[in-house]
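These notes are about the structure you will find just below.
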Amino acid sequence: MTLRDIAERLGCRLDGDGTLEIHGVAGIEQARPGDLTFVSNPKYRALLPSTRASAVILHEKDGGGPPPGCAVLWSEQPYLTFAQALELFAPADRPAPGLDPHSAVAVDATIGDAVSIGAFAVVGAGASIGARTLIYPHAVIGPGARIGEDCVIHARASIRERVVLGNRVVVQDGAVIGSDGFGFVKQRDGTHRKIPQHAAVIVEDDVEIGANTTIDRPAVGETRIHAGAKIDNLVQIGHGVSIGARALLAAQVGIAGSTVVEDEVVLAGQVGVAGHLRIGKGAVVTAQTGIPNSVNAGELVSGYPAIPNREWLKSSAVFRQLPALKKRVAELEQKLAAMEEQLAAWRASSER
Amino acid sequence: MTLRDIAERLGCRLDGDGTLEIHGVAGIEQARPGDLTFVSNPKYRALLPSTRASAVILHEKDGGGPPPGCAVLWSEQPYLTFAQALELFAPADRPAPGLDPHSAVAVDATIGDAVSIGAFAVVGAGASIGARTLIYPHAVIGPGARIGEDCVIHARASIRERVVLGNRVVVQDGAVIGSDGFGFVKQRDGTHRKIPQHAAVIVEDDVEIGANTTIDRPAVGETRIHAGAKIDNLVQIGHGVSIGARALLAAQVGIAGSTVVEDEVVLAGQVGVAGHLRIGKGAVVTAQTGIPNSVNAGELVSGYPAIPNREWLKSSAVFRQLPALKKRVAELEQKLAAMEEQLAAWRASSER
Amino acid sequence: MTLRDIAERLGCRLDGDGTLEIHGVAGIEQARPGDLTFVSNPKYRALLPSTRASAVILHEKDGGGPPPGCAVLWSEQPYLTFAQALELFAPADRPAPGLDPHSAVAVDATIGDAVSIGAFAVVGAGASIGARTLIYPHAVIGPGARIGEDCVIHARASIRERVVLGNRVVVQDGAVIGSDGFGFVKQRDGTHRKIPQHAAVIVEDDVEIGANTTIDRPAVGETRIHAGAKIDNLVQIGHGVSIGARALLAAQVGIAGSTVVEDEVVLAGQVGVAGHLRIGKGAVVTAQTGIPNSVNAGELVSGYPAIPNREWLKSSAVFRQLPALKKRVAELEQKLAAMEEQLAAWRASSER
């Protein structure tokens with residue numbers, strides 16, 4: 001593809017030789033001649049003079065000017081333009097439509113147009129698969145599940161019975177949607193009786209669910225992932241949880257049962273949230289934070305237990321100085337005791 | 001089902017119209033006419049007057065009396081009665097007995113009565129499957145594994161070679177039982193040699209194992225999950241670990257090798273336990289706690305590293321005040337220094 | 001096998017009856033007559049007099065001498081000798097070479113000599129599998145993936161399209177190598193656009209990857225696991241991460257995107273590392289530590305956020321005393337205030 005073609009498709013103003021052949025997109029340090037690279041984070045701007053890329057996507061307001069010998073695609077949103085450029089060069093991995101002869105699709109399942117179902121995939125009784133959805137090998141779609149259009153269900157995902165997925169949902173390998181919630185009643189003999197977990201799981205449009213992530217179904221009510229939420233790998237979503245629209249959950253986050261995570265919340269890696277809480281709209285939670293209480297909309301919290309991030313940063317700085325602080329307190333006590341003694345001596349002498 | 005039928009089956013005294021048709025069980029806020037709901041946690045009692053449910057399960061000692069227009073099932077244990085009511089309404093999802101033509105069952109495997117083996121499930125050489133056990137599609141039962149009666153092995157679970165499961169064990173999708181323990185010897189050239197991990201994994205009766213949970217096998221000895229333990233999703237059980245009877249392990253807990261978790265211990269979400277420790281009977285560990293040392297029976301511990309929960313709560317409260325505390329210490333130092341100076345001045349003047 | 005045979009194969013000097021029949025290897029407490037046991041950790045030396053084992057592997061410099069009635073294999077490296085002894089007794093679980101009739105191997109895949117491919121395993125178009133590699137049932141090898149010689153790919157592992165594995169790589173059940181990295185661009189309407197993640201994942205020789213672990217592929221550049229690294233279960237490796245040679249990552253560790261973990265680093269269980277960092281060669285990170293900044297080579301760090309382990313231990317000890325420390329500060333303030341009052345009174349009286 002020529003640089004001119006790329007510039008046109010990405011809607012960018014071009015500075016440089018439009019006839020250049022571009023072979024791919026690469027990071028600024030790894031790029032070779034024939035590659036297109038980008039600068040979005042200003043931190044990486046300093047690496048630009050030494051890049052070997054043939055062209056770079058820069059912000060329209062970038063003041064540094066084009067590096068020597070490197071064409072420029074000017075963009076209002078360089079990171080978005082980078083993503084779009086990657087789409088132009090994406091490998092054509094898309095499996096062909098049709099049912100693999102080794103798949104097992106129930107006779108009463110409804111299969112849309114141009115659906116691809118891979119080897120050893122299972123589609124249960126009464127399930128439906130929307131048009132153009134890709135079911136990779138070994139995915140298991142349970143009885144009565146409903147999957148929308150243009151979804152991508154990667155290898156070995158489990159979409160359990162009666163789970164509902166919207167359109168354009170992406171499920172990575174090994175993810176489990178609709179496993180039984182962890183619900184038991186303690187009986188008088190000390191054993192635990194399983195509470196049947198058969199209620200609904202609904203994943204709305206444009207959600208992405210990471211590899212080996214697990215999303216439980218509840219006993220009553222529903223577990224719901226709202227439109228546009230993105231969930232990374234190895235995340236645990238407890239039964240009856242609601243994840244808000246456009247929320248971002250990084251890897252290894254865990255959310256206990258019945259908690260509501262509102263729209264546009266960001267939970268960084270390994271965050272844990274207790275059950276029956278509400279994390280307010282747009283709240284941001286830094287990595288490894290443990291949340292025992294609800295969080296207000298828009299808050300930035302950290303720590304275990306979670307407190308406002310500013311406080312946590314300050315307290316963490318003092319944490320490191322605790323041995324010194326303790327020593328200072330001990331010194332104060334000694335000095336004070338010495339002074340008290342001295343004063344007592346003075347008083348005694350003055351009374352004499 | 002009529003309310004009278006339900007009351008009889010659940011052994012509850014009925015207050016209200018026994019001829020009412022009940023269609024399902026629902027949470028107090030989501031319930032609609034025709035639903036049965038329940039109040040177990042007193043926190044939700046206040047929602048009762050506004051429920052649209054046709055009937056409610058209440059504790060026999062509930063002083064609030066029946067809400068207007070809502071029948072009551074009186075129970076000594078409302079939460080247990082709720083679980084039993086859910087069982088009455090559970091969907092008939094049970095797969096039919098028999099071997100799916102797409103399954104691969106070794107000729108010398110022993111298959112009990114009324115076993116169901118789903119599409120693409122694998123049962124290895126010499127394995128045995130007890131009566132009425134359900135093996136969902138894509139489960140892989142390794143050579144020589146022994147699975148008891150009335151078990152439910154969900155899709156894509158791995159029961160590795162020679163692993164033993166008791167009766168009524170439930171394994172959720174994608175769980176791995178019997179993966180190699182993480183054991184290596186560092187050699188003189190700095191590389192690590194794998195220690196073969198071929199010893200036993202035993203899962204006793206009535207255990208539940210969550211989706212994508214992993215349970216390792218040891219080099220020598222055994223990994224054992226005792227009867228009635230319940231393990232949530234994405235939990236890691238290291239090689240040689242013993243989990244006690246009726247223990248409860250919430251999601252994303254990790255237990256390092258050779259640790260003994262005694263009976264009835266409760267580990268909340270994301271707890272980590274180091275290796276070669278003992279967590280005493282009935283100990284309770286709050287979420288995200290990190291345990292570097294053994295814990296006594298009955299203790300309630302929290303924090304990282306774990307300390308008694310009462311202490312942790314108090315220390316955590318002070319943690320938040322650390323910047324203020326540090327400032328107070330600095331002020332004390334200044335005041336004391338000023339006072340010392342003043343006293344020195346007095347002394348000097350009094351000696352003059 | 002006689003003890004003399006074992007001693008010869010392990011290269012150990014034998015003290016005791018070489019004609020003894022040895023049936024297996026066992027831990028010092030579980031060993032029965034006919035078993036070989038070992039003492040590597042001096043902590044377990046005290047259990048030796050009471051072992052029922054017929055023979056024990058001891059360090060050549062062990063001063064305790066052989067226990068009565070127990071033969072000794074003297075070794076310079078007892079733990080290594082123990083591992084080698086286990087290899088002698090490992091069960092012959094190895095599947096036979098050949099393609100299972102229920103597997104689905106693309107016609108243009110390249111399959112080496114003596115490869116074993118299990119039931120329902122999938123090998124995609126253009127993939128290659130090196131000699132003597134074992135592919136267990138239900139493993140999914142994507143199109144264009146390249147797997148080296150003598151690898152073991154356990155059941156239900158996903159090796160995604162174009163992923164490259166070296167020789168002697170072991171992948172436990174359910175691991176996912178090459179899932180899409182978690183990369184999105186926020187668009188002006190608040191939704192997130194997926195950044196295509198199609199770049200390389202390379203796993204070098206002698207790496208082990210645990211059950212249900214996930215390793216993401218990046219948008220550009222590569223994710224690389226260097227030779228000899230060992231990764232436990234349920235670990236998350238973000239896109240573009242580099243894991244150094246001989247590094248050890250315990251269970252449930254999470255590494256965010258683009259971070260470089262250098263050679264011989266040790267990360268204990270549940271450690272979290274933020275993105276775009278460098279963990280220097282040989283650094284050791286204790287369990288549950290959260291790492292927001294790069295770590296120097298050779299450092300030992302702990303805590304959240306991570307600080308040098310020595311400091312963390314001291315600060316953690318004071319953390320527990322915080323309520324007492326706060327009380328001491330309050331007492332100091334009272335005493336100081338009392339003293340100030342007294343001094344003011346004196347001054348007033350002396351001025352009178």
(request) Could you please state which residues from residues 313-321 of chain C sit under 4.5 angstrom from chain A, measuring non-hydrogen atom to non-hydrogen atom, sorted by number, or 'none'? (result) C:Lys314, C:Ser315, C:Ser316, C:Val318, C:Phe319, C:Gln321
(request) Using a cut-off of under 4.5 Å on heavy-atom pairs, state which of C:Pro218, C:Pro305, C:Gly144, C:Gly181 scores highest against chain A. (result) C:Pro305
(message) For C:Ala256, which atoms come within 4.5 Å of any heavy atom of chain A: side chain, backbone, both, or neither?
(response) neither
(request) Please look at A:Leu234 and chain C and tell me whether the side chain, the backbone, both or neither of the residue comes under 4.5 angstrom of a heavy atom of that chain. (result) side chain
(message) Please classify the contact of A:Ala330 with chain C as side chain, backbone, both or neither, using a heavy-atom distance under 4.5 Å.
(response) both
(request) Apply side chain to side chain contact (heavy atoms under 4.5 Å, CB included) to A:Glu87 and C:Arg193, showing your working. (result) CA-CA 11 Å; A:Glu87 290 168 12; C:Arg193 185 188 192 109; 2.9 Å; yes
(request) Any chance you could measure C:Lys194, atom NZ, to A:Asp206, atom CG, to the nearest 0.5 Å? (result) 12.0 Å
(request) Pick one of side chain, backbone, both or neither for C:Ala338, based on which atoms fall under 4.5 Å of a heavy atom in chain A. (result) neither
(message) Working to the nearest 0.5 angstrom, can you tell me the gap between A:Asn212 CG and C:Thr214 OG1?
(response) 6.5 Å
(request) Name the orientation class of the two ring planes belonging to C:Tyr304 and A:Trp312 (parallel below 30°, tilted from 30 to 60°, perpendicular beyond 60°). (result) tilted
(request) Verify, without hydrogens or angle tests, whether A:His138 (side chain) and C:Val122 (backbone) share a donor-acceptor contact under 3.5 angstrom. (result) no
(request) With a 4.5 Å cut-off on heavy-atom pairs, point out which of C:Ala104, C:Gly238, C:Ser158 contacts chain A the most. (result) C:Ser158
(message) Just verifying a value: how many Å separate C:Gln236 CD and A:Asn233 CG, rounded to the nearest 0.5 Å?
(response) 4.0 Å
(message) Can you tell me which of C:Gln187, C:Gln252, C:Gln197 forms the most heavy-atom pairs within a distance under 4.5 Å of chain A?
(response) C:Gln252
(request) Report the option among C:Gly221, C:Gly290, C:Gly174, C:Ser179 that has the most heavy-atom pairs separated by less than 4.5 Å from atoms of chain A. (result) C:Gly174
(request) First locate atom CZ of A:Phe89, then atom NE2 of C:His198, and finally report the distance between them rounded to the nearest 0.5 Å. (result) 13.0 Å
(request) Identify which of A:Met339, A:Gln30, A:Lys230 forms the greatest number of heavy-atom pairs closer than 4.5 Å to chain C. (result) A:Lys230
(request) For side chain to side chain contact (heavy atoms under 4.5 Å, CB included), just list the numbers for C:Leu336 and A:Leu332, CA-CA rounded to whole Å, side-chain angles, deciding distance to a tenth of an Å, and then say yes or no. (result) CA-CA 10 Å; C:Leu336 203 72; A:Leu332 279 168; over 6 Å; no
(request) Counting only heavy atoms closer than 4.5 Å, note whether A:Ile231 contacts chain C via side chain, backbone, both or neither. (result) backbone
(message) Just so I understand: if I count every heavy-atom pair under 4.5 Å between each of C:Glu161, C:Glu311, C:His102 and chain A, which residue has the most?
(response) C:Glu311
(request) Let me know if C:Thr289 has heavy atoms under 4.5 Å from chain A in its side chain, its backbone, both or neither. (result) backbone
(message) To the closest 0.5 Å, what do you measure between CZ (C:Arg156) and CG (A:Asp173)?
(response) 11.5 Å
(message) For C:Ala157, which atoms come within 4.5 Å of any heavy atom of chain A: side chain, backbone, both, or neither?
(response) backbone
(message) Quick check on A:Gln288 against chain C: is it the side chain, the backbone, both or neither that has a heavy atom closer than 4.5 Å?
(response) both
(request) Tell me, for A:Leu88 versus chain C, whether the close heavy atoms (under 4.5 Å) come from the side chain, the backbone, both or neither. (result) neither
(request) Let me know if C:Val273 has heavy atoms under 4.5 Å from chain A in its side chain, its backbone, both or neither. (result) neither
(request) Can you tell which part of A:Ala211 gets under 4.5 Å to a heavy atom of chain C, answering side chain, backbone, both or neither? (result) both
(message) So which residue, C:Leu322, C:Thr213, C:Asp216, ends up with the most heavy-atom pairs under 4.5 Å with chain A?
(response) C:Asp216
(request) May I ask you to decide whether A:Glu264 forms a salt bridge with C:Lys186, counting only side-chain N to carboxylate O separations under 4.0 Å? (result) no
(request) Tell me, for A:Glu340 versus chain C, whether the close heavy atoms (under 4.5 Å) come from the side chain, the backbone, both or neither. (result) both
(request) Answer with side chain, backbone, both or neither: which region of C:Ala199 has an atom nearer than 4.5 Å to a non-hydrogen atom of chain A? (result) neither
(message) With rounding to the nearest 0.5 angstrom, report the CG to NZ distance, C:Leu325 to A:Lys326.
(response) 8.0 Å
